[in-house]
2 protein chains.
Amino acid sequence: MVKPVSRPTSQYTHDALALLGQLVREARLGKAMTTTDLASRAGISRSLLQRIERGDPGCSIGVVFEVAALSGVPLFELEPRQLTSHLALHGEKMALLPKAVRTSTQRVKDDF
Amino acid sequence: MVKPVSRPTSQYTHDALALLGQLVREARLGKAMTTTDLASRAGISRSLLQRIERGDPGCSIGVVFEVAALSGVPLFELEPRQLTSHLALHGEKMALLPKAVRTSTQRVKDDF
DNA sequence: GAAAAATGACCCATAAATAACTCAATAAGC
DNA sequence: GCTTATTGAGTTATTTATGGGTCATTTTTC
């Protein structure tokens with residue numbers, strides 16, 4: 001039983017994950033669903049749902065977002081429609097940005 | 001070379017992940033950081049950062065949140081301090097909720 | 001208070017994520 | 001236009017997450 005070398009996590013991330021997990025749990029209880037219910041609806045195992053509600057940083061973000069959506073927790077505080085259009089708009093904006101950056105510390109040219 | 005059986009993902013989740021990835025990329029470019037820069041700061045590989053910016057649902061949520069925080073993308077539209085206090089308040093609220101739910105379809109008691 | 005169900009916390013086998021690398025294509029700066 | 005860094009997209013070995021169980025505990029309902 002080797003202790004798993006977990007990835008370092010900042011307080012901010014920890015808090016955000018804990019809050020998201022709490023929101024999911026609150027939404028689930030609000031809909032009077034059991035962990036087994038929600039897990040099967042989301043197509044995941046009950047143990048994974050428990051980890052999500054606990055705010056485990058190791059869960060796949062896709063699964064967590066699916067569960068959040070299923071339980072009614074909004075992502076980015078946007079409804080599905082709004083999120084889609086917001087994404088489209090943002091995509092256009094992205095096209096105007098530089099495709100790559102170049103650090104200024106390169107090409108010191110100290111050969112004089 | 002077995003094609004990985006990917007987990008089904010809803011449009012909503014897909015959009016949310018794509019948006020989050022775009023926000024990270026935009027923030028990174030805004031700070032004039034290379035992918036290698038941000039990846040090493042976050043303590044992850046460049047290939048993983050690429051997947052995050054692409055909106056890959058398979059990335060660990062802890063890693064994605066860390067990168068978002070590092071690049072300056074706010075989570076829940078809250079600053080670190082606010083997030084912490086919000087979490088504390090929400091925790092108290094959680095204590096008032098029922099610890100378990102019971103589905104009403106149980107105990108049909110059809111033995112009459 | 002009793003019965004039944006839901007939850008929490010483990011464990012293990014397996015599937016999947018991640019790091020580290022390579023190489024081609026693209027973009028930035030002169 | 002040329003040079004060189006940056007990015008995109010793969011591949012493989014290794015680490016880790018996930019599913020599916022079990023069992024004890026808590027909580028609901030009667």
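Just so you know, these numbers use all the heavy atoms, side chains as well, and skip hydrogens, waters and symmetry mates. Note on naming: letters A, B, ... go to the chains in the order of the sequence lines (proteins, then strands), and numbering restarts at 1 for each one.
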### Message
Is B:R7 close enough to D:dG19 that one of its side-chain N or O atoms is under 4.0 Å from OP1 or OP2 there?
### Response
yes

### Summary
Ranking A:K99 and B:I44 by the position along DNA chain C of their nearest nucleotide, the one closer to 5' is B:I44

### Message
The test is side-chain contact (heavy atoms from CB on, under 4.5 Å); show your working for B:H90 and A:L23 and say whether it passes.
### Response
CA-CA 9 Å; B:H90 204 271; A:L23 288 173; 3.5 Å; yes

### Summary
The answer to which of B:T36 and A:L48 contacts DNA chain D further toward the 5' end, by nearest nucleotide, is B:T36

#### Entry: Candidates C:dA6, D:dT18, C:dT18 - which lies nearest the side chain of A:C59
D:dT18

### Task
Check the distance between D:dG19's P and A:D56's CG and give it to me in whole angstrom.
13 Å

### Task
Could you tell me whether A:V63 contacts a base, only the sugar-phosphate backbone, or nothing, with contacts defined as non-hydrogen atoms closer than 4.0 Å?
nothing

### Query
Are any non-hydrogen side-chain atoms of A:L20 and B:I61 less than 4.5 angstrom apart?
yes

### Query
How long is the gap from CG on B:L70 to OG on A:S10, to the nearest 0.5 Å?
7.5 Å

### Task
Taking only the side-chain nitrogens and oxygens of B:T35, find out if one of them lies under 4.0 Å from OP1 or OP2 of D:dT6.
no

### Query
Does A:S60 make a side-chain N or O approach to OP1 or OP2 of D:dT18 shorter than 4.0 Å?
yes

### Summary
A:I61 atom CD1 is separated from C:dA16 atom P, nearest whole Å, by 19 Å

### Message
Any side-chain N or O of A:S47 below 4.0 angstrom from OP1/OP2 of D:dT18?
### Response
no

## Note on the structure
Of B:P57 and A:L97, the one whose closest nucleotide on DNA chain C sits nearer the 5' end is B:P57

### Task
Specify the separation, in whole Å, of atom CD of B:Q50 and atom C1' of C:dT26.
13 Å

### Query
Which one, C:dA17, D:dG8, D:dG19, comes nearest to the side chain of B:R46?
D:dG8

### Task
Measure from the side chain of B:S45, starting at C-beta and using heavy atoms only, and say which of C:dA19, C:dT7, D:dT18 lies closest.
C:dA19

### Nucleotide nearest A:R102 when distance is taken to its side chain, options D:dT18, C:dA4, D:dA5
D:dA5

### Query
Can you tell me how far P of C:dT26 sits from CG of B:L29, to the nearest Å?
18 Å

### Query
Considering residues, nucleotides and ligands other than A:K99, do more than 12 of their heavy atoms fall under 6.0 Å from its NZ?
yes

### Message
Can you confirm whether B:L38 sits close enough to B:V67 that some side-chain heavy atom of one is under 4.5 Å from a side-chain heavy atom of the other?
### Response
yes

### B:R51 side-chain N/O to D:dT7 phosphate OP1/OP2 under 4.0 Å
no

#### Entry: Whichever of A:L49 and B:T34 has its nearest DNA chain D nucleotide further upstream toward 5'
B:T34

### Query
Are A:R7 and B:E66 within salt-bridge range, i.e. N to O under 4.0 Å?
no

### Query
Over how many whole Å does the gap from B:D37 atom CG to D:dA5 atom C1' extend?
12 Å

### Rounded interatomic separation in angstrom, taking CG from A:L38 and C1' from C:dA6
14 Å

### Query
Given atom CE of B:M33 and atom P of C:dA28, what is their separation to the nearest angstrom?
18 Å

### Query
A:R25 side chain N/O closer than 4.0 Å to the phosphate oxygens (OP1, OP2) of C:dG8?
yes

